[in-house]
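Worksheet: one structure, shown below.
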Amino acid sequence: MKQKFVDKCMSIIRNNNKNLTSRDIDKFRYGLEGFYLNTTKIVFIVIVSLILGIFKETILLLFLFNIIRFTGFGVHARKSLHCLVSSTIFFIGFPLICIYAKIPLLIKYIIILPLILMFGILAPADTEKRPLIHKKRRIIYKVLSVIIAIVYLVLSILTKNNTLSNCFIFSLIIQIIVMLPITYKIFGVNYNNYKQYETNF
């Protein structure tokens with residue numbers, strides 16, 4: 001189904017633009033594949049969340065995660081099934097934890113430094129199709145990721161809403177998971193892809 005969607009769209013794009021380079025075609029194909037996978041994945045997760053009565057919590061966690069994902073990047077599963085399974089665990093299982101878990105304030109204070117350090121070490125985690133070649137850009141994304149992590153952690157402590165507080169924390173935990181080298185290894189994806197390129201920028 002995915003391949004048919006991508007091939008049909010690529011056919012339309014080629015017919016309307018005869019001057020595309022092979023690199024342009026690769027970019028369009030990558031974007032279309034990502035759009036298809038994300039759309040079908042989100043639709044499935046939303047339907048399940050509605051059935052389970054956790055729609056608001058799922059959307060909240062998705063929203064918070066995608067903000068930090070924008071600067072932290074992280075692994076993309078090669079197989080759509082792997083992506084769907086992992087996303088379902090994250091955005092159906094974790095919202096349930098966010099609703100019912102009670103994290104003591106002391107624990108929140110204790111995990112602040114380790115979580116910030118993890119972002120300082122791991123972010124940003126690039127992919128084979130989106131290698132972060134420019135060193136300055138990697139530094140900018142790292143700084144932004146750390147800043148967002150700090151803001152999330154501060155808000156998780158200040159907010160009186162237990163579910164919202166947990167969503168701040170678990171969105172960071174999900175982001176750390178998708179940046180871990182072991183996660184890349186599990187999905188069979190190369191880590192630190194920028195190292196394969198010259199970085200004299």
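Side chains of L52 and T58 form no contact here, defined as non-hydrogen atoms less than 4.5 Å apart. Contact check for L96 versus E57: no side-chain heavy atoms found under the 4.5 Å cut-off. With contacts defined as side-chain heavy-atom distances shorter than 4.5 Å, the pair F170/I103 qualifies. Within the 4.5 Å cutoff, the side chain of V178 has heavy atoms near those of the R69 side chain. For the pair S49/I92, a side-chain contact is recorded, criterion being any heavy-atom separation below 4.5 Å from C-beta on.
A donor-acceptor contact shorter than 3.5 Å is absent between the side chain of D126 and the backbone of P131. Side-chain atoms of K41 do not come within 3.5 Å of backbone N or O of L84 as any donor-acceptor pair. Side-chain atoms of S165 do not come within 3.5 Å of backbone N or O of N161 as any donor-acceptor pair. With hydrogens and angles disregarded, a donor-acceptor distance shorter than 3.5 Å links the side chain of Y184 to the backbone of A125. When atom types are taken as modelled, the side chain of N193 and the backbone of L132 share no donor-acceptor pair closer than 3.5 angstrom. Side-chain atoms of S171 come within 3.5 Å of backbone N or O of F168 as a donor-acceptor pair.
Annotation for F119 and I176: closest pair CE1-CG1, 3.7 Å, computed over non-hydrogen atoms. Heavy atoms only, all atoms of each residue included: N166 and A101 are closest at ND2-O, 2.9 Å. When every heavy atom of I68 is checked against every heavy atom of S145, the shortest pair comes out as CD1-O, 3.5 Å. In plain terms, the two heavy atoms of G72 and A123 that are nearest each other are CA-CB, 4.3 Å. Pairing each heavy atom of C167 with each of L61, the nearest pair is O-CD1, 3.5 Å. The shortest non-hydrogen separation linking I54 to P95 is CD1-CB, 4.2 Å.
Taken from CD1 in I139 to NE2 in H134, the straight-line distance is 12.5 Å, to the nearest 0.5 Å. The distance from atom CD1 of I150 to atom CD1 of I116, rounded to the nearest 0.5 Å, is 4.5 Å. Rounded to the nearest 0.5 Å, atoms CD1 (I148) and CZ (F70) are 9.0 Å apart. Separating the OG atom in S86 from the CD1 atom in I177 is a distance of 10.0 Å, to the nearest 0.5 Å. For the atom pair CZ of R138 and OH of Y194, the computed distance is 4.5 Å after rounding to the nearest 0.5 Å. Between the CD1 atom in I59 and the CG atom in L64 there is a gap of 11.5 Å [rounded to 0.5 Å].
Linking Ile, Leu, Val, Met, Phe, Trp and Tyr whenever their side-chain heavy atoms come within less than 4.5 Å leaves L144 and L122 in two separate clusters. Grouping the Ile, Leu, Val, Met, Phe, Trp and Tyr side chains by contacts below 4.5 angstrom, directly or via other members, places V189 with I186. Hydrophobic cluster membership differs between V85 and F44, with clusters built from Ile, Leu, Val, Met, Phe, Trp and Tyr side chains linked at under 4.5 angstrom. Both I157 and Y152 sit in one connected hydrophobic cluster of ILVMFWY residues. Membership requires side-chain heavy atoms under 4.5 Å apart, directly or through other members. Under the 4.5 Å side-chain heavy-atom criterion for grouping Ile, Leu, Val, Met, Phe, Trp and Tyr, L117 is not connected to I110 through any hydrophobic cluster.
For the pair R130 and F73, the cation-pi criterion (under 6.0 Å, within 45° of the ring axis) is not fulfilled.
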*Give the C-alpha distance, both sets of side-chain angles, the deciding distance and a yes or no for side-chain contact (heavy atoms from CB on, under 4.5 Å) between I42 and T39.*
CA-CA 5 Å; I42 290 173; T39 301; over 6 Å; no

*asked:* Run the side-chain contact (heavy atoms from CB on, under 4.5 Å) test on T88 and V48 for me, step by step, so that the C-alpha distance in whole Å, both residues' side-chain angles and the decisive distance to 0.1 Å come before the verdict.
replied: CA-CA 9 Å; T88 302; V48 174; 5.5 Å; no

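Exactly one of L60, I45, V46 qualifies for a side chain to side chain contact (heavy atoms under 4.5 Å, CB included) with F55. That residue is V46.
Here the two rings, on F65 and F91, have centers that are under 6.0 Å apart.
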